[in-house]
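Just so it is clear, the structure is predicted and the values come from calculations on it, not from any experiment.
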Number of protein chains: 2
Amino acid sequence: MLAARKNPKRSATRLRDPERTRERLLQAAFCEIYRSGFQSAGLDTILASAGVTKGALYYYFKSKQALGYAVVEEVIGPDNYAEWVRPLQSGKDPIDTLIGIVRGISVRPEDVRGGCQLINLAQEMSPLDAGFRKRLAIIFHTWREAVASVLREGQTHGRVRRDVKPADAAGLLIAMVEGYGSLAKNAQDPKVMKAGIRNIVDWLKSLRAPGNRKRG
Amino acid sequence: MLAARKNPKRSATRLRDPERTRERLLQAAFCEIYRSGFQSAGLDTILASAGVTKGALYYYFKSKQALGYAVVEEVIGPDNYAEWVRPLQSGKDPIDTLIGIVRGISVRPEDVRGGCQLINLAQEMSPLDAGFRKRLAIIFHTWREAVASVLREGQTHGRVRRDVKPADAAGLLIAMVEGYGSLAKNAQDPKVMKAGIRNIVDWLKSLRAPGNRKRG
DNA sequence: CTGCCAACATACCAACCAGTATGTATTTTC
DNA sequence: GAAAATACATACTGGTTGGTATGTTGGCAG
């Protein structure tokens with residue numbers, strides 16, 4: 001009976017719920033960091049937003065830094081994976097998929113104003129904290145590799161131009177996305193992001209192998 | 001005698017020198033902000049680095065915010081102007097000039113690690129402080145307009161492809177530069193910036209009008 | 001029923017930080 | 001050369017911050 005006594009039927013009226021408390025902390029920290037950056041995000045504000053107290057925070061995380069690391073690994077990483085990596089595994093035409101993802105980037109004013117959380121943290125913490133830097137670098141690497149590999153595969157299927165260097169193109173795509181994100185964040189104007197998306201999409205189209213053109 | 005009594009012959013042994021003190025404060029603030037961001041830059045650290053005391057700081061600036069604004073207007077703005085706008089006024093082939101500027105971007109490890117001060121501040125302060133945002137937006141606008149106008153002029157001289165939209169191309173160029181800057185800052189690796197520069201240069205070359213190709 | 005431990009809550013602290021009040025030495029003005 | 005204004009230096013403060021030490025409560029094992 002090795003599986004016995006697992007998941008001990010969570011009572012609905014449970015007053016303390018460890019998993020939820022931790023999750024709430026992560027989400028609240030994510031939001032506060034998104035708002036004002038990691039260094040300027042106050043613990044008290046995070047705690048108020050999460051609806052818990054310092055005791056809970058320091059029960060689950062040994063420091064503010066550890067909380068930040070967890071946000072990177074458990075929130076920002078998975079978010080980026082869901083938005084960029086998973087869709088690329090659909091097996092469809094890589095350029096079509098990439099265009100779809102880029103067109104799907106949010107242009108809602110509040111998202112444009114906030115920018116991309118990944119680049120926000122990378123910008124702020126990379127030179128200051130090696131732990132942040134490495135964890136964020138892993139996300140960038142995963143992202144880049146996912147794009148590069150799908151482009152490589154696209155080349156073998158004759159869908160992507162042969163003279164395109166997958167790793168370079170992937171890096172350029174990410175640089176464009178993040179660069180426009182920053183410009184739009186400063187401009188606080190969805191139009192800037194929309195124009196950026198159009199330009200990126202046009203560039204993506206230019207990667208198609210001849211004879212594999214689509215309309216639109 | 002309307003011009004009398006101007007520039008009252010500064011004595012060489014002057015103990016107090018208002019202009020220098022202010023300048024030192026600006027430079028020290030610039031460096032500290034470059035290091036740790038505006039919010040996390042401590043006044044005491046700035047003062048120690050400038051070699052003056054709080055009295056001097058609050059004599060010239062009414063608040064830390066005002067000091068930050070001055071750094072944007074009097075240091076970051078002119079820096080960007082000198083690096084991007086002035087070279088474009090040489091009257092030479094615009095693409096050549098742009099390639100020269102991009103190739104001239106520093107790839108020294110310490111510069112790569114620190115990133116671009118303009119984007120650093122824009123990322124950090126745009127959503128938080130309208131005063132910063134507007135001042136930085138002006139710099140971005142000047143930058144973009146300078147590139148766009150030189151591309152437009154290049155089109156009339158047959159040096160730039162007619163199907164290029166100057167404003168869009170200028171925005172894309174800036175997004176690429178800043179995007180790669182951020183990626184390299186996170187990677188802390190000059191190779192990333194060097195690869196970025198190559199890709200940007202390749203893209204710039206693709207803007208040349210047919211029949212106006214150069215080698216290299 | 002009881003002890004025990006996980007899961008928090010509360011109260012507190014030392015460090016830091018922007019800003020100020022005040023003092024003072026140097027120039028400039030008359 | 002005295003008064004006034006400039007150009008700072010020093011000492012201090014009130015508020016905030018990350019972190020800790022300790023208290024409390026719910027739930028489960030025995």
Tyr58(A) side chain reached by Thr53(A) side chain, heavy atoms, under 4.5 Å: no

Selected nucleotide, minimal atom distance to Tyr58(B) side chain, candidates dG19(C), dA9(C), dT10(D): dG19(C)

cation_pi(Lys194(B), Tyr180(B)) dist<6.0 Å, angle<=45: no

Heavy atoms of other groups near Arg35(A) CZ, more than 12 under 6.0 Å: no

Value in whole Å for how far the P atom of dT6(D) lies from CZ of Arg22(B): 16 Å

Distance below 4.0 Å between Tyr59(B) side-chain N/O and dA7(D) OP1 or OP2: yes

Distance below 4.0 Å between Thr21(A) side-chain N/O and dC8(C) OP1 or OP2: yes

Whole angstrom value for the distance that separates C1' of dA7(C) from CG of Leu57(A): 13 Å

N/O donor-acceptor pair, side chain Lys54(B) with base dA9(D), under 3.5 angstrom: no

Side chain to side chain contact (heavy atoms under 4.5 Å, CB included) assessment of Ile76(A) paired with Val71(A): CA-CA 6 Å; Ile76(A) 299 179; Val71(A) 167; 4.2 Å; yes

For atom CG of Leu67(B) and atom P of dG19(C), their distance in whole Å: 10 Å

Touch class at under 4.0 angstrom, heavy-atom based, for Gly42(A) against every strand present: sugar-phosphate

Side-chain heavy-atom pair Pro166(A), Gln155(A) within 4.5 angstrom cut-off: yes

Length of the CG-P vector between Asp44(B) and dA15(C), whole Å: 15 Å

Within 6.0 Å of CZ in Arg152(A), more than 12 heavy atoms from elsewhere: yes

Touch class at under 4.0 angstrom, heavy-atom based, for Tyr60(B) against every strand present: sugar-phosphate

Whole-Å gap separating P (dT13(D)) and CG (Leu43(B)): 19 Å

Polar pair under 3.5 Å, donor/acceptor by atom type, side chain Lys64(B), base dG19(C): no

Distance in angstrom units between Leu47(B) CG and dG19(C) P, rounded: 12 Å

Closest-nucleotide ordering on DNA chain D, the 5'-leading residue of Gln39(A) and Gly55(A): Gln39(A)

Ile95(A) versus Leu204(A), closest heavy-atom pair with distance: CG2-O, 3.5 Å

Contact list for DNA chain C against residues 120-130 of chain A - heavy-atom distance below 4.0 Å: none

Interatomic distance, Gln65(B) CD vs dC17(C) P [rounded to whole Å]: 18 Å

Spacing between Phe61(A) atom CZ and dG18(D) atom C1', to the nearest angstrom: 16 Å

Whichever of Thr45(A) and Lys62(A) has its nearest DNA chain D nucleotide further upstream toward 5': Thr45(A)

